[in-house]
Protein chains: 2
Amino acid sequence: MKPFNSYKNPALAVDLVVFGYQGESLSVLLLNRKDEPFKDQWTLPGGFLQMEETFKDTCARILLTKLGINNLYTEQLFSFDDINRDPRGRVISVSYFTLINPKRFALVTGSMANDVKWFNIAKLPALGFDHRHIFKIALERLRAKIQYNPVGFELLNEKFTLPELHQLYEQVLDFPIDRRNFRRKILDSGFISSTGEKKTGAQNRHPDIYMFNKQLKSNQFHLNLQSPAKD
Amino acid sequence: MKPFNSYKNPALAVDLVVFGYQGESLSVLLLNRKDEPFKDQWTLPGGFLQMEETFKDTCARILLTKLGINNLYTEQLFSFDDINRDPRGRVISVSYFTLINPKRFALVTGSMANDVKWFNIAKLPALGFDHRHIFKIALERLRAKIQYNPVGFELLNEKFTLPELHQLYEQVLDFPIDRRNFRRKILDSGFISSTGEKKTGAQNRHPDIYMFNKQLKSNQFHLNLQSPAKD
DNA sequence: ACAAAAGTGTTCTAACTACACCCATGA
DNA sequence: TCATGGGTGTAGTTAGAACACTTTTGT
């Protein structure tokens with residue numbers, strides 16, 4: 001066996017699938033590339049891992065310098081290894097996904113990009129590299145995860161109403177969910193509690209305002225929401 | 001931004017958690033290292049990714065040259081990035097797990113190792129690197145996965161009895177499962193069918209022999225087995 | 001005939017689904 | 001007072017848990 005470091009190593013990129021929820025639909029953040037390869041095409045934000053960085057450090061750096069965002073929930077998704085996934089040479093992509101509330105951040109188009117924009121997940125443009133595939137895996141993961149983890153709350157304001165949360169679940173899962181059953185499941189899970197306040201302004205009954213119960217241990221919570229069977 | 005390939009890249013290792021089932025308990029395959037670092041200590045089998053290899057290629061190479069095993073089900077687990085996880089320098093580990101039936105293979109102690117051995121998962125020795133951590137994640141994943149995927153069958157012979165499958169599930173999940181309910185759930189899932197044969201020899205009623213239904217699409221199958229609540 | 005392990009069925013309970021009416025608000 | 005959307009309860013069904021007896025075999 002050859003000694004350590006006599007091997008040539010592939011480059012290691014970290015790519016991010018940034019989900020946001022706004023205007024009552026689920027979006028992903030894409031970046032229009034200024035340079036080759038895939039110049040002027042849309043891709044997921046990403047960057048190369050530096051020797052002294054952990055993956056999460058790289059995520060944070062990308063989010064801050066390319067998008068002006070800091071302090072986020074990130075979770076490792078998968079590592080992609082297709083030999084020809086990058087025309088410049090061998091590049092492994094370790095992908096992460098993250099959830100943000102777009103209202104909290106003003107996007108910055110870093111020096112690397114022509115543009116940075118939110119895209120409705122149902123209307124994505126063509127993506128460079130294998131990013132369409134990465135996005136697809138991320139969406140599957142989000143859909144699975146939202147059923148048994150309080151990740152939905154990362155996408156909303158700190159205070160939110162049950163109808164807002166309900167609509168978020170319907171948007172993410174892409175099937176209708178019974179309002180009343182949803183309410184009962186969520187409340188029974190103990191993950192949210194009422195603030196006692198009500199959201200005023202609308203010309204109809206004012207919905208109660210809830211908050212996520214941070215102190216609760218992330219134990220059993222399984223909404224078990226399912227797409228209604230088709231015949 | 002610096003041009004592509006002006007970066008120094010970390011080394012990329014692929015580490016394998018190889019689960020086997022024999023002697024009525026769940027085991028992992030460990031390798032005793034011949035060289036530094038962690039000389040004479042036990043670790044997971046692993047190796048460095050070559051430029052022209054996919055992760056699965058590397059897995060196959062490690063399994064073949066270090067263990068004499070080929071042709072396996074492998075699945076990506078997670079990528080580990082602690083900066084000091086390897087004393088030789090920065091090494092990222094992409095880990096995979098795999099399931100084998102130890103009876104099908106004669107282990108080979110490759111030139112790299114002092115020894116290769118199966119260890120009962122309840123009696124692991126100290127492991128080098130962060131391999132104890134990797135193992136722990138793999139076991140969690142296996143426990144989750146066996147509930148909704150027919151992975152259990154990889155660990156058994158092609159033909160098996162229901163009591164054998166039942167015991168495997170109890171060993172992997174580490175809690176008792178009602179025989180009768182287990183039988184019903186497994187049979188209802190449609191993932192196995194009877195061969196019509198019976199396993200003879202024992203001094204008691206001869207159990208029916210089943211096979212995994214390969215042609216079935218991997219759709220809905222959720223055993224939903226749970227550890228009995230403690231008070 | 002006995003010991004050992006496999007095969008089988010039912011009752012009880014908890015969880016989920018489906019569904020419709022009343023309430024609060026602003027215009 | 002009306003239109004809009006939020007809040008609430010129940011009956012019926014289904015899925016899961018708990019549980020014990022009978023059958024087959026080798027000695």
Side-chain angles (χ1 to χ4, degrees), chain A residues 24 146-148 156-157 159-171 173 175-211 219-231, chain B residues 24 146-148 156-157 159-171 173 175-211 219-231:
Chain A
E24 291 155 11
I146 203 172
Q147 299 251 8
Y148 55 88
L156 294 174
N157 295 323
K159 298 180 173 186
F160 52 87
T161 67
L162 263 175
E164 283 165 1
L165 188 62
H166 176 241
Q167 204 210 13
L168 166 62
Y169 270 78
E170 287 196 332
Q171 285 295 318
L173 293 174
F175 55 77
I177 301 166
D178 184 90
R179 245 171 12 103
R180 292 155 288 190
N181 295 338
F182 177 78
R183 168 181 292 265
R184 178 162 18 83
K185 284 185 182 188
I186 285 282
L187 290 174
D188 287 353
S189 77
F191 265 95
I192 67 176
S193 37
S194 174
T195 61
E197 305 162 74
K198 284 174 188 295
K199 183 178 175 188
T200 59
Q203 129 182 18
N204 49 38
R205 184 166 178 168
H206 289 174
D208 296 343
I209 294 179
Y210 291 85
M211 286 182 69
N219 57 348
Q220 303 318 26
F221 155 15
H222 200 318
L223 299 181
N224 203 24
L225 302 168
Q226 293 189 15
S227 179
K230 304 149 203 161
D231 46 306
Chain B
E24 291 157 12
I146 202 172
Q147 299 251 9
Y148 55 86
L156 295 173
N157 294 323
K159 298 180 172 187
F160 53 87
T161 67
L162 263 175
E164 282 165 2
L165 189 62
H166 176 243
Q167 204 209 13
L168 167 63
Y169 271 77
E170 287 197 332
Q171 286 294 319
L173 293 174
F175 55 76
I177 301 165
D178 184 272
R179 247 170 11 103
R180 293 154 289 190
N181 293 340
F182 176 78
R183 169 182 293 265
R184 178 160 21 81
K185 284 185 179 186
I186 286 281
L187 290 175
D188 286 355
S189 77
F191 266 95
I192 65 175
S193 37
S194 173
T195 62
E197 304 162 74
K198 286 175 188 293
K199 183 179 175 186
T200 59
Q203 129 181 16
N204 50 37
R205 184 165 179 169
H206 290 173
D208 296 343
I209 293 179
Y210 291 84
M211 286 184 68
N219 59 348
Q220 304 317 25
F221 155 16
H222 200 317
L223 298 182
N224 204 25
L225 302 168
Q226 293 190 14
S227 180
K230 304 149 203 160
D231 45 311

Starting from [atom2] on [N], measure out to [atom1] on [X] and report it in whole angstrom.
X	N	atom1	atom2	answer
A:His222	C:dC16	NE2	C1'	14 Å
B:His166	C:dA5	NE2	P	14 Å
B:Tyr210	C:dA6	OH	P	12 Å
B:Arg183	C:dA5	CZ	P	16 Å
A:Leu225	C:dA18	CG	P	12 Å
B:Ile186	C:dT8	CD1	C1'	17 Å
B:Leu223	D:dG16	CG	P	10 Å
A:Gln226	C:dA18	CD	P	11 Å

Which pair of non-hydrogen atoms, one from [X] and one from [Y], has the smallest distance, and what is that distance?
X	Y	answer
B:Tyr210	B:Leu187	CE2-CD2, 3.8 Å
B:Asn157	B:Phe160	O-CD2, 3.6 Å
B:Tyr169	B:Ile146	OH-O, 3.1 Å
B:Phe182	B:His166	CE2-CA, 3.4 Å

How far does CD of A:Glu24 sit from CD of A:Gln167, to the nearest 0.5 angstrom?
->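 Here the interatomic distance stands at 4.5 Å.
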Could you give the distance from CD1 (B:Ile209) to CE (B:Met211), rounded to the nearest 0.5 Å?
-> 10.5 Å
5' to 3', nucleotides 21-27 of chain C under a 4.0 Å protein heavy-atom cut-off (B base, S sugar-phosphate only, - none) gives --BBBSS
Which nucleotides of nucleotides 10-15 of chain C have their base under 4.0 Å from a protein heavy atom (B), which only their sugar-phosphate (S), and which neither (-), written as one string 5' to 3'?
-> B-----
Would you list the pairs meeting salt bridge (charged side-chain N to carboxylate O under 4.0 Å, His left out) in which at least one residue belongs to residues 184-197 of chain B, sequence neighbours left out?
-> B:Lys159-B:Glu197
Comparing nearest nucleotides in DNA chain D, the 5'-proximal residue of the pair A:Glu164, B:Asn224 is A:Glu164
Counting only N and O atoms by type, is there a donor-acceptor contact under 3.5 Å from the side chain of B:Gln147 to the main-chain atoms of B:Leu223?
-> no
Short side-chain to backbone donor-acceptor contact, A:Thr161 and A:Pro207, under 3.5 Å |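 The answer is no, because no donor-acceptor pair under 3.5 Å joins these two groups.
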Check every strand shown and say whether A:Asp178 touches a base, only sugar-phosphate, or nothing at a heavy-atom separation below 4.0 Å.
->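 Touches a base.
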Using a cut-off of strictly less than 4.0 Å, decide whether B:Lys185 has a side-chain nitrogen or oxygen near OP1 or OP2 of D:dA17.
->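 It does, given that an N or O in the side chain of B:Lys185 lies less than 4.0 Å from OP1 or OP2 of D:dA17.
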